[in-house]
Protein chains: 2
Amino acid sequence: MSIRISDVAQEAGVSPATAARVISNKGYVSDKKRAQVEQAIKKLGYVPNRIASSLRTNKPYFIGHVVEMPAENPFFSVICNTINETAEKAGYHVLTALKQGTQAKERAVIENLISLMVDAMIFTGNTASDADTIDWIQSRGISVVMIERPSYGSRVDAVLLDSYRGATLAMEHMIARGHREIGFLGMKHGQHEVEYQRYHGYRTALADHGLEPGPEWVGFVPDYTVEHGRQAINEMLRGGKIPTSLFITSDVLACGALQALYEHGIKVPDDLSIVGFDNTLSSICSPRLTSIEMQLEQAGAAAVEMILERKEGLRTGVKKVMLSPVLVDRGSVRDLTQSAEKT
Amino acid sequence: MSIRISDVAQEAGVSPATAARVISNKGYVSDKKRAQVEQAIKKLGYVPNRIASSLRTNKPYFIGHVVEMPAENPFFSVICNTINETAEKAGYHVLTALKQGTQAKERAVIENLISLMVDAMIFTGNTASDADTIDWIQSRGISVVMIERPSYGSRVDAVLLDSYRGATLAMEHMIARGHREIGFLGMKHGQHEVEYQRYHGYRTALADHGLEPGPEWVGFVPDYTVEHGRQAINEMLRGGKIPTSLFITSDVLACGALQALYEHGIKVPDDLSIVGFDNTLSSICSPRLTSIEMQLEQAGAAAVEMILERKEGLRTGVKKVMLSPVLVDRGSVRDLTQSAEKT
DNA sequence: TTTCAGTGTGATAACGTTATCACAATCAGC
DNA sequence: GCTGATTGTGATAACGTTATCACACTGAAA
């Protein structure tokens, strides 16, 4: 069924060793024999068997990627795409393992990847794995990179997205445009450091300007889904008085918010200004929203590059990369300073 | 570095063959030795090496998935998810290969998957590969399933989504609610059979009711993107008179359309009714749209099951599965018959 | 006691690749 | 014509697994 390197060698009238040298471009081969082998490869349609090669060399060129990918939220699929692209360029193949949340499940996924001999693993988003598991993986010579999972201390490489800075950018944007009544919609931050940073950035920015949010303008949801965003805003609207602007820490939530506002006939940005977060759906919804680009593409690429660095022996110490977010202005924040002049 | 089956055997005081029997649950092993081996596995943290196993058995339990996944359009990532899930349940691992469009690129991706010894390949969406390439893959004993790629005739298994029926459902929904002026926004259908079916369903439904669309109400875009949807509607609005409803053959396009309408202050469904297609973004946008659910989840699962059928020798002939779409009503079509009564 | 099926165990040889040898052959410099 | 480096080639042994033998041992039927 499958064509082996020895078939190629036979066809070309050389030894398997010589054929192997041609294929891997290593060692000395005369021009004549090289040409013979290349022709045989073409004729037989030979494709090297990477599985056998992996086994022999102990270098499968596999990177495992553990991630949860909700269909509704493109946040993670963006990272998936860049990881794949960057890895492919370096000759690695990405084994994406979609986990389902629980710790036991994640353990199974990790064992699966180990059984496939992965050179490295990337973990994206929230995890249930404890530090012992991470140690166990690393003890097998598998390098580990965490994306947006800051809680493992100094034992692993990590790519971090500066959520605090992101929140600050959003707030500065709104405050500079004259907003003083700024609401917040985000995710409950129990152990979620990242979520806390977004809220913390919000409160700090307000405090820096001597502002305090009305308590009815701050909402927390258990999860980033459209439906939660919708419900939260509906509840806020039931309260009566609304702020002049809202900082929403996820575009998915913001989409839900826009639905509720649409139903109530509240225009964005005329009646209410909004800044979203992560810049994933903000160019899809209507109206398009000003949002915080968290550099997801760079994050995926950076993770892969950190792995390559280690593989090539360029680095042994632990490295943390912190990416700086950028505000993408799509005009969903009304300029109150201008309109005040006009009236 | 890695713990081998022989290490487990030594720890348990048995031969590697016996340890292998315990691990693979095949052949006779006494309860006593089984217990010893199981304990040794636990103690050493042994994880079987699937690469070696694949090589030996010639059954890697890999399914390759060739697909293009634009970040903006969740259509394909939904299919990815179910393929992964279904395959994982059957003990297969999915190698997702993101292709970049050109024929040469797709060929490289296919060779890559062959080198990984995949048991089967799934192709989703438009491809550049010709029939020869598909024959070549199959000649290596690799089974092939096409999702939403109808043009290969009778040589390969395929999962088809009934676009014509989907269009019919959308049209019946609008016509039943009294709409007679129904516009169309879709993709150019050069060789794209699927796209043609959607347009064909639209025209046929109209004709069945003795209707003809105003020519300025029919738009074609080169690609399913938000921006194209937006531009197309902007152009339609420039024409002046608009229809009472629009059938848009992709939710991504519909999202762009909603942006244009929002900017012009045209309310959905009060001023204009819309039915979307594929039901991917229609619960995210505002307002939420009535859309045609194309059964993407079932499609992915069906593709995997067709592969399993073949592997288990339950089938040798070519099989085509046609999935029937369903309309999901989210109220984005105004009932003109009722409002006529009211006035 | 012999026979035979069933139960239990270990040695061994592959799967397709590649790293490491060993050994020629060539050619320059003395 | 000898040394030593460079160039070129093939045999061979692994990588970790598992399928196939071969060979025991048990208990029951003849």
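These numbers come from the heavy atoms of this one structure, side chains and all, not from hydrogens, waters or symmetry mates. Letters A, B, ... are given to chains in the order of the sequence lines, protein chains preceding strands, and every chain is numbered from 1.
Residue B:K33 has no polar side-chain atom (N or O) positioned under 4.0 Å from OP1 or OP2 of C:dT7. Considering only side-chain N and O atoms, B:S15 lies nowhere under 4.0 angstrom from the phosphate OP1 or OP2 of C:dT9. Taking only side-chain nitrogens and oxygens, A:Y28 comes nearer than 4.0 Å to OP1 or OP2 of D:dT7. A sub-4.0 Å separation between OP1 or OP2 of C:dT9 and a side-chain N or O of B:S30 is present.
Between A:E111 and A:R107 there is a salt bridge, with a side-chain nitrogen of the basic residue lying less than 4.0 Å from a carboxylate oxygen of the acidic one.
Evaluation of the side-chain contact (heavy atoms from CB on, under 4.5 Å) rule for B:N49 yields A:L55, A:M117, B:I51, B:A52 as partners, not counting sequence neighbours. Residues satisfying the ring-ring contact (aromatic ring centres under 6.0 Å, His included) test with A:F76, not counting sequence neighbours, are none. Residues satisfying the ring-ring contact (aromatic ring centres under 6.0 Å, His included) criterion with B:F62, sequence neighbours excluded, are absent altogether.
Distance B:N25 CG to C:dG8 P: 14 Å, rounded to the nearest Å.
The closest side-chain heavy-atom distance from B:I83 to B:I147 is below 4.5 Å. No side-chain heavy atom of B:K42 sits under 4.5 Å from any side-chain heavy atom of B:E38.
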Would you give a per-nucleotide map of nucleotides 22-27 of chain C, 5' to 3', where B means the base has a protein non-hydrogen atom under 4.0 Å away, S means only the sugar-phosphate does, and - means neither?
------
Take nucleotides 16-24 of chain D nucleotide by nucleotide from the 5' end and write B, S or -, depending on whether a protein heavy atom sits under 4.0 Å from the base, only from the sugar-phosphate, or from neither.
BBBS-----
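Within a 6.0 Å sphere centred on CD of A:E11, other residues, nucleotides and ligands contribute more than 12 heavy atoms.
Note on residues 296-322 of chain A: pairs passing side-chain hydrogen bond (donor to acceptor under 3.5 Å, both in side chains), not counting sequence neighbours, are A:D157-A:R310, A:D157-A:R315, A:Q295-A:Q298, A:E309-A:R315, A:E309-A:K319.
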